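Numbers for residues simply follow the sequence, beginning at 1. Bear in mind the structure is a predicted one, so any value in this text is a computation, not a measurement.
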Amino acid sequence: MIKVGKKFKKLVWSTLLSSVAVAAIAAGGAVSAQATQANAEQAAVSTQQPWMDTSLSPEKRTELLIDAMTLDQKIQQLAGMRGVIPELVECGSPGRHIPGISELGIPTFRITNGPVGLGGGDCSPQDKATALPVAIGLAASFDPSLAYAFGDLMGGEARTLGLHELEAPGMNLARLGENGRNFEYMGEDPYLAGVLASKEIKGIQDNDIIAMSKHYVLNDQEQNRMSVNVNIDENVLYELYLLPFEMSVKDGNVGSIMCSYNRVSGTYACENEYLLNTVLRDQWGFKGYVQSDFGATHSTAPALNAGLDLEMQSARFFTNANIKAALADGSLTLDTVDQALSRRYVQMFKYGIFDRPIVRGTIDAETNGSKARDIAEQTAVLLKNEGNLLPLDPSVDSIALIGKSTYVDAAVAGGGGSSRVSPLYTVSPLQGLQNTLEKIGSDAAITKVTVAADNSNLDEAIAAAKNADVVILMAGVVTSEGRDRPSLSLPDNQDDMISAVTEANKKTALVLKDGDPVLMPWVNKVPSILEAWNPGQEDGNVVANLLFGLANPSGKLPVTYPVSKADTPTSTEERYPGVNQGILDSTGKEIPQVYYSEGLEMGYRWYDAKNIKPLFAFGHGLSYTNFNISKLVVTPKTTDGTKKIQVSFFVENTGKAAGAEVPQVYLGLPKVANEPPKRLVGFEKVWLKPGEKKRVKITIDPAASNHPLSIWDSNADTWKTLDGEYKVYVGNSSDNITLTDSINVRTPAGHSK
């Protein structure tokens, strides 16, 4: 029994009885004996559990709850575990929750993975959800409003299924094209990733579901992810890899952070005090809690003292015995334990998790499937369209649908690993094609050929291609958590298949379904290439609608596609996968060392700095119409480095179809900054009808969370704006800049921010 003062108990009791009486009188009736009794019982509960008073702030409720907990109860709440969920016994014994404590009113805290839909959740495999397009596809939309809708859909489904925390968004950068989890992340540019992640977070949390930014930080490769040590310069860390996380905290107000498996400068990320306390909390003001990736905790007191609040998947270090031993020897204090709990409980109270029953509802599959289709149609990138083969002519009589089984026989609903979604339904490429042909009133004949992995039946595909009016050729890569791709090439002899089929019929539209950049030795042979990513459960409908022009591609590449592996910044062993240098851990095992020695020259910054022409540049993406960007105006021309800069221009649809363009604003810093030639600082997706023209205004705010004018000064441990000329570049990709201007910054002496 929790002790409560008599004065407080009497006050709560009388207040509740008075409120019942007032309500009854207002309703025109007297207070019934049953109502009086029911509210008396509620008063008793409130007296015993004052933290359940919803009129109190989340912070006060948390304080009252923690004060009432025993040490054993506190320790039990520091880690997850497997076991039956009392509120949902039908779920069996999954392992993504922290068991509740019913006598304290603490519910089972239920977690699901993201970030491409609800995957690997707390009631798997029973729970099915909408398989959305992969996150790198969302990044290709360059559309913050779409990112909100993406998060809102996931958050709404999590709420429907009685979940509390969604492990999304992912925002590690695509430094490495072969990274097995690139499909879960948002490309190579930190500003793009930060803008979209922040909007996705708001969409999730507006459903009273806690969002989680992951994987903090530098988990940019899967090979040796559990042991690798990342060596990186401080300014590179801040300006690139920390930046989207900073934006998710400051702009997205994210409720939680997941720390990653890897080491950073010799210390595991989940016990790295500099990252978890100095940066995350002291510099950025993060108020939420930090949860470990599953199995990423490596100590008890050091991890808790460094700022880790919750161990997942189950207690290995945050056990009753370990915590009590650490308290006894003084390496851990009870205040630190309370602090870890407080950070999570405040978020739980903030989002009403203590105040709603845990109930598994039913997702509206049709409605959410339609939303997923709309989102996916805006993620596709038209890479090439010679001769305007696309959109396909609706009058075609025969179509050959060709590809490997993975891409042509079923929907590509996403990559593998913990983020894998069990979809509510799927639409195959053939079914989607049939659906679209029916919509446009076509009775075109479809011949489908599934090409064997070893191309043993390639002759059959070639014959089908020769006999068809047009060929729809599908290829791609499906990657997975836990391993990287062996190379940037397409697997299963797909390069040979593409070359042979295209040679057989020049009217071949290639649809790529992947989550990474791929090499294209056949690029000059294929007239049209549509990057559809892993489109999700609506794959068939999405791709067919795009091919026949029922949807106009509007995506832009969030990653650079290289001509060869040698052109990339990670083509040396020390940069990837890392090297062994005789550095051992406490068990005597060697710690692989990876060096980010390319510095700030990552992604398009690398290609700009080295003057290497990519196959397809960051920001590239065509349309079924044409656009013109004109009349750039930048004001003011001279600033002290604190005033907002306005960049305006006109975008006009000069073609014959409605569509969207994404003008991009880049900034080149003064030469003294010693930075790559330019960085993305603004963009806007603009929808226009044929002949329509709009003026676009983009604001560059020096005080924004992405620090657009600044560099990280490692000596002063702060962001610094330098004096000099800043170039303003506007175009529709990083290598197609059509408008330029400049501004001069003259800061007061010693100015920094």
Side-chain angles (χ1 to χ4, degrees), residues 2 50-51 56-81 98-101 104-107 109 111 164-165 210-214 216-217 245 249 253-259 267-293 296-312 315-351 353-354:
I2 299 163
W51 53 88
L56 300 176
S57 69
E59 291 76 13
K60 184 60 179 177
R61 295 177 72 179
T62 295
E63 178 186 338
L64 291 168
L65 171 57
I66 291 176
D67 284 348
M69 298 173 73
T70 66
L71 177 58
D72 286 341
Q73 288 170 333
K74 291 177 179 179
I75 296 172
Q76 181 263 321
Q77 286 282 291
L78 290 174
M81 68 171 286
I98 297 95
I101 302 176
L104 293 175
I106 300 175
F109 185 63
I111 300 168
H164 303 132
E165 175 197 291
I210 300 171
M212 173 173 284
S213 298
K214 66 179 189 181
Y216 184 74
V217 61
F245 290 95
V249 170
N253 195 26
V254 71
S256 60
I257 297 280
M258 177 184 283
C259 53
T267 304
Y268 280 112
C270 287
E271 56 185 42
N272 194 309
E273 185 172 11
Y274 181 76
L275 292 173
L276 300 184
N277 281 336
T278 302
V279 176
L280 187 58
R281 294 184 169 105
D282 296 343
Q283 293 179 2
W284 298 349
F286 176 63
K287 301 299 183 185
Y289 61 95
V290 175
Q291 171 188 306
S292 75
D293 206 338
T297 307
H298 294 274
S299 64
T300 306
L304 279 162
N305 290 331
L308 179 62
D309 304 308
L310 176 61
E311 180 181 9
M312 288 298 288
R316 181 183 172 197
F317 292 95
F318 290 10
T319 64
N320 193 288
N322 287 351
I323 297 291
K324 286 182 175 177
L327 290 170
D329 68 20
S331 60
L332 182 68
T333 67
L334 187 57
D335 283 346
T336 299
V337 172
D338 288 351
Q339 177 179 252
L341 293 174
S342 176
R343 289 167 174 161
R344 181 163 63 90
Y345 288 158
V346 166
Q347 298 301 314
M348 291 175 66
F349 280 121
K350 177 181 177 180
Y351 291 106
I353 292 168
F354 279 84

Participant: For L310, which of R343, Q77, Q291 qualifies under side chain to side chain contact (heavy atoms under 4.5 Å, CB included)?
Facilitator: Q291
Participant: Is the shortest heavy-atom distance from the side chain of Y216 to the side chain of V290 under 4.5 Å?
Facilitator: no
Participant: Output yes when a side-chain donor or acceptor of D293 lies under 3.5 Å from a complementary backbone atom of A296, and no otherwise.
Facilitator: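 Not a single qualifying donor-acceptor pair exists.
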Participant: Quick check: do I101 and Q76 have side-chain heavy atoms less than 4.5 Å from each other?
Facilitator: yes
Participant: Decide side chain to side chain contact (heavy atoms under 4.5 Å, CB included) for I353 and I210; before the verdict, give the C-alpha distance in whole Å, the side-chain angles of both, and the deciding distance to 0.1 Å.
Facilitator: CA-CA 9 Å; I353 292 168; I210 300 171; 3.8 Å; yes
Participant: Does a side-chain heavy-atom distance below 4.5 Å link I257 with L276?
Facilitator: no
Participant: Are side-chain heavy atoms of V254 and F245 found at a separation under 4.5 Å?
Facilitator: no
Participant: Under 4.5 Å between any side-chain heavy atoms of R344 and I98, yes or no?
Facilitator: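 Heavy-atom side-chain distance check passes, below 4.5 Å.
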Participant: Kindly indicate, with the supporting measurements, whether the criterion side chain to side chain contact (heavy atoms under 4.5 Å, CB included) is fulfilled by D72 and K324.
Facilitator: CA-CA 9 Å; D72 286 341; K324 286 182 175 177; 2.7 Å; yes
Participant: Compare all side-chain heavy atoms of L78 with those of L341 and state whether any distance is below 4.5 angstrom.
Facilitator: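 In contact.
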Participant: I'd like to know if the side chain of S256 and the backbone of Y289 have a donor-acceptor N/O pair within less than 3.5 Å.
Facilitator: no
Participant: Would F318 and L304 satisfy side chain to side chain contact (heavy atoms under 4.5 Å, CB included), going step by step from the backbone distance to the final call?
Facilitator: CA-CA 9 Å; F318 290 10; L304 279 162; 3.5 Å; yes
Participant: Which atom pair, heavy atoms only, marks the closest approach of E271 to A303?
Facilitator: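 Taking every non-hydrogen atom into account, CB-CA, 3.8 Å.
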Participant: Do any pairs count as a ring pair (Phe, Tyr, Trp, His ring centres under 6.0 Å) and have a residue in residues 267-287, sequence neighbours left out, and if so which ones?
Facilitator: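 Of all non-adjacent pairs touching residues 267-287, those that pass ring pair (Phe, Tyr, Trp, His ring centres under 6.0 Å) are Y268-H298.
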Participant: Under 4.5 Å between any side-chain heavy atoms of Q339 and T333, yes or no?
Facilitator: no
Participant: Under 3.5 Å, side chain of D309 to main-chain N/O of S342, donor-acceptor pair present?
Facilitator: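 Such a contact is absent between D309 side chain and S342 backbone.
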Participant: Atom CD1 in I111, atom CE in M212: separation rounded to 0.5 Å?
Facilitator: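 Going from the CD1 atom of I111 to the CE atom of M212 covers 6.5 Å.
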Participant: If a pair satisfies side chain to side chain donor-acceptor pair (under 3.5 Å) and one of its residues is in residues 59-68, list it, with sequence neighbours excluded.
Facilitator: R61-D355
Participant: Ignoring hydrogens and angles, tell me if any N or O in the side chain of N305 forms a donor-acceptor pair with the backbone of A301 under 3.5 Å.
Facilitator: yes
Participant: If you take all heavy atoms of C259 and S292, which pair is closest and at what distance?
Facilitator: SG-CA, 3.6 Å
Participant: Looking only at atom types and distance, does a side-chain atom of W51 sit under 3.5 Å from a main-chain N or O of L104, one as donor and one as acceptor?
Facilitator: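 The answer is yes, because a donor-acceptor pair under 3.5 Å joins these two groups.
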Participant: Out of curiosity, T300 OG1 to L332 CG, how far, rounded to the nearest 0.5 Å?
Facilitator: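 If I round to the nearest 0.5 Å, the distance is 8.5 Å.
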Participant: Within a reach of under 6.0 Å around NZ of K287, are more than 12 heavy atoms found that belong to other residues, nucleotides or ligands?
Facilitator: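 For K287, atom NZ is not crowded (no more than 12 foreign heavy atoms under 6.0 Å).
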Participant: Which value, rounded to the nearest 0.5 Å, describes the distance between L64 atom CG and L56 atom CG?
Facilitator: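 Those atoms lie 6.5 Å apart.
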Participant: Working to the nearest 0.5 Å, report the span between CE of M69 and OH of Y345.
Facilitator: 3.5 Å
Participant: Would you check if L327 and L71 make a side-chain contact, meaning some heavy-atom pair closer than 4.5 Å?
Facilitator: yes
Participant: How far does OG of S299 sit from CZ of R316, to the nearest 0.5 angstrom?
Facilitator: 10.5 Å
Participant: I'd like to know whether H164 forms a side chain to side chain contact (heavy atoms under 4.5 Å, CB included) with M348, so could you lay out the CA-CA distance, the side-chain angles of the two residues, the decisive distance to 0.1 Å, and finally the verdict.
Facilitator: CA-CA 8 Å; H164 303 132; M348 291 175 66; 5.8 Å; no
